Amino acid sequence: MPSPHHLPPALRGQPFRLDEARRHGLSAESLRSGRFRRVLRSVYVGADVPDTLGLRLAAARLVLPESAVFSHQTAAQVMHLPIPGVGVPPLHVTLPRHVSRPSVSGVVTHQSSAVPARNFDGFPVTTPERTFLDLAGQLSLVDLTILADAMVRRGFTTTEALADVTGSATRRRGIVLARKVAALARSRVDSPMETRVRLLIVLAGLPCPIPARPSLMTTASGWRQSTCGIALNASRSSTTGSSTTNAEASGEGTSPPATCSASLAGASSC
């Protein structure tokens, strides 16, 4: 009986279906041994292959229709965008309405009349704008703004494109929140914590700070016509990490303390 280290090249280091395994001499009983593990229903992989998002995506494509597009939280994960989550979330895919929805454990299927998609890291995912709309019905204002800021910062979309797509969308869950967040999104935001600090300021009724002001080299955000800046510890604040990334707005650690010595009367508004 072949071991995972002596599998045919077609099965080595990647997921494979049960029927393909049988064609290469592997029985269902052998696949239940400790040399293999099941990724999804009727999809297996050698036990020595690391469990990664890419592996689960590749496994899902073996059992889903060709028209399936990874969407919602999964699309955000593929694009390495910050979203909240605990553990290993299910995979989300969206299918055209005329395609039957398969029942696959570990996969959440959605349907839509139109599924705008792009290729990212070799996988079909919904466009950034569509991913933003889909997650508007599931994320909070803060987490959705963190997502939007990261999309704009990385050049996946623009604040204008988000405003356009939310303005034209109707009868969608979360569309009111999406429009509000599209107006709050900013470019040049370096981390989820910077977004959180900006929202704390704006939602408290204070003027909106300008992210990454060129004239304030040691600060993350500041205001026009002022010498006020907010310093975040770059070593603990990242656009690629969780939306709960830590940061410091005080003098702790290596970051200098934030100082403010001028009126905010000339600050910009969000």
Side-chain angles (χ1 to χ4, degrees), residues 15 37-41 43 45 49-61 63-64 68-95 101 103-112 115 117-118 120-154 156-157 162 172-175 177-178 180-182 184-185 189-200 232 235-247:
R37 72 173 185 276
R38 192 178 77 165
V39 184
L40 295 171
R41 185 183 64 191
V43 179
V45 71
V49 179
D51 184 15
T52 64
L53 175 62
L55 173 72
R56 293 189 293 122
L57 296 176
R61 297 200 69 185
V63 294
L64 292 172
V69 174
F70 295 108
S71 61
H72 296 75
Q73 287 91 340
T74 304
Q77 286 182 296
V78 174
M79 291 186 277
H80 310 291
L81 293 166
I83 56 170
V86 178
V88 179
L91 298 177
H92 288 259
V93 298
T94 297
L95 302 166
R101 298 172 62 172
S103 177
V104 181
S105 178
V107 177
V108 178
T109 57
H110 310 263
Q111 286 184 307
S112 177
V115 191
R118 59 176 286 185
F120 198 100
D121 286 350
F123 298 104
V125 300
T126 47
T127 61
E129 294 81 11
R130 176 57 181 267
T131 303
F132 174 78
L133 284 178
D134 287 339
L135 290 177
Q138 301 180 14
L139 299 182
S140 67
L141 181 146
V142 172
D143 288 326
L144 190 63
T145 308
I146 288 172
L147 177 72
D149 281 354
M151 286 181 169
V152 174
R153 174 65 173 178
R154 300 179 196 183
F156 293 165
T157 187
L162 292 179
R172 287 187 62 88
R173 180 185 175 192
I175 187 59
L177 176 63
K180 184 173 183 178
V181 169
L184 288 170
V189 177
D190 289 329
S191 70
M193 185 54 70
E194 188 176 339
T195 300
R196 289 181 179 275
V197 172
R198 187 179 85 249
L199 290 179
L200 282 173
L232 299 180
S235 67
R236 298 174 62 189
S237 184
S238 168
T239 53
T240 59
S242 166
S243 62
T244 59
T245 303
N246 291 323

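If you're wondering where the values come from, they're calculated on a predicted model, not measured in any experiment. All values below come from the heavy atoms of this structure, side chains included, with hydrogens, waters and symmetry mates left out.
Using a 4.5 Å heavy-atom cutoff, the side chains of Ser112 and Arg130 are in contact. Considering only heavy atoms from C-beta on, Thr145 comes within 4.5 Å of Arg198 through its side chain. No side-chain heavy atom of Asp51 sits less than 4.5 Å from a side-chain heavy atom of Val39. Side-chain contact check for His110 versus Asp134: every heavy-atom pair is 4.5 Å or farther apart. Put simply, the side chain of Val63 does not reach to within 4.5 Å of the side chain of Arg41, judged on heavy atoms. Using a 4.5 Å heavy-atom cutoff, the side chains of Asp190 and Arg153 are in contact.
Side-chain atoms of Arg118 and Thr127 include no donor-acceptor pair closer than 3.5 Å. A donor atom on one side chain and an acceptor atom on the other are not found under 3.5 Å apart for Ser71 and Thr126.
Here Arg154 contributes atom CZ and Leu81 contributes atom CG; the two are 5.0 Å apart, rounded to the nearest 0.5 Å. Atom-to-atom distance recorded for Leu40:CG and Arg61:CZ is 13.5 Å, nearest 0.5 angstrom. One distance of note links CG of Leu162 with CG of Leu147; it measures 9.0 Å at 0.5 Å rounding. With values rounded to the nearest 0.5 angstrom, Glu194 atom CD is found 8.0 Å from Asp149 atom CG. Residue Leu144 holds its CG atom at 10.5 Å from CD of Gln138, rounded to the nearest 0.5 Å. Annotation: the span from Leu139 atom CG to Gln73 atom CD amounts to 6.5 Å, rounded to 0.5 Å.
A salt bridge links Asp143 to Arg196: at least one charged side-chain nitrogen sits closer than 4.0 Å to a carboxylate oxygen.
Residues Thr74 and His92 approach most closely at OG1-N, 2.7 Å, considering heavy atoms. Taking all atoms of both residues into account, the shortest heavy-atom contact from Ala68 to Pro124 is O-CG, 3.9 Å. Counting all heavy atoms, side chain and backbone alike, Ala59 lies closest to Pro15 at N-CG, 3.7 Å. Residue Thr131 comes nearest to His72 through the heavy atom pair CG2-O, 3.7 Å, listed as atom of the first residue, atom of the second, then distance. For the residue pair Leu91 and Ala60, the shortest heavy atom distance occurs at CD1-CB, 3.8 Å. Contact between Met79 and Pro128 at its shortest, heavy atoms only, is SD-CG, 4.1 Å.
For Phe156 and Phe132, the gap between ring centers reaches or exceeds 6.0 Å.
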Step by step, would you call Gln77 with Ile83 a side-chain contact (heavy atoms from CB on, under 4.5 Å)? CA-CA 8 Å; Gln77 286 182 296; Ile83 56 170; 4.0 Å; yes
Candidate pair Val104 and Thr109, rule side-chain contact (heavy atoms from CB on, under 4.5 Å), full reasoning: CA-CA 9 Å; Val104 181; Thr109 57; over 6 Å; no
Any chance you could lay out the side-chain contact (heavy atoms from CB on, under 4.5 Å) test for Val69 and Leu95, step after step, and finish with the verdict? CA-CA 7 Å; Val69 174; Leu95 302 166; over 6 Å; no
Please walk me through it: do Val152 and Val189 pass side-chain contact (heavy atoms from CB on, under 4.5 Å)? CA-CA 8 Å; Val152 174; Val189 177; over 6 Å; no
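The closest donor-acceptor contact from the side chain of Thr195 to the backbone of Ile146 lies at 3.5 Å or more, if one exists at all. Formation of a donor-acceptor pair under 3.5 Å by the Arg38 side chain with backbone atoms of Val45 is not found in this model.
Heavy-atom contacts from other residues, nucleotides or ligands closer than 6.0 Å to CZ of Arg172 number more than 12.
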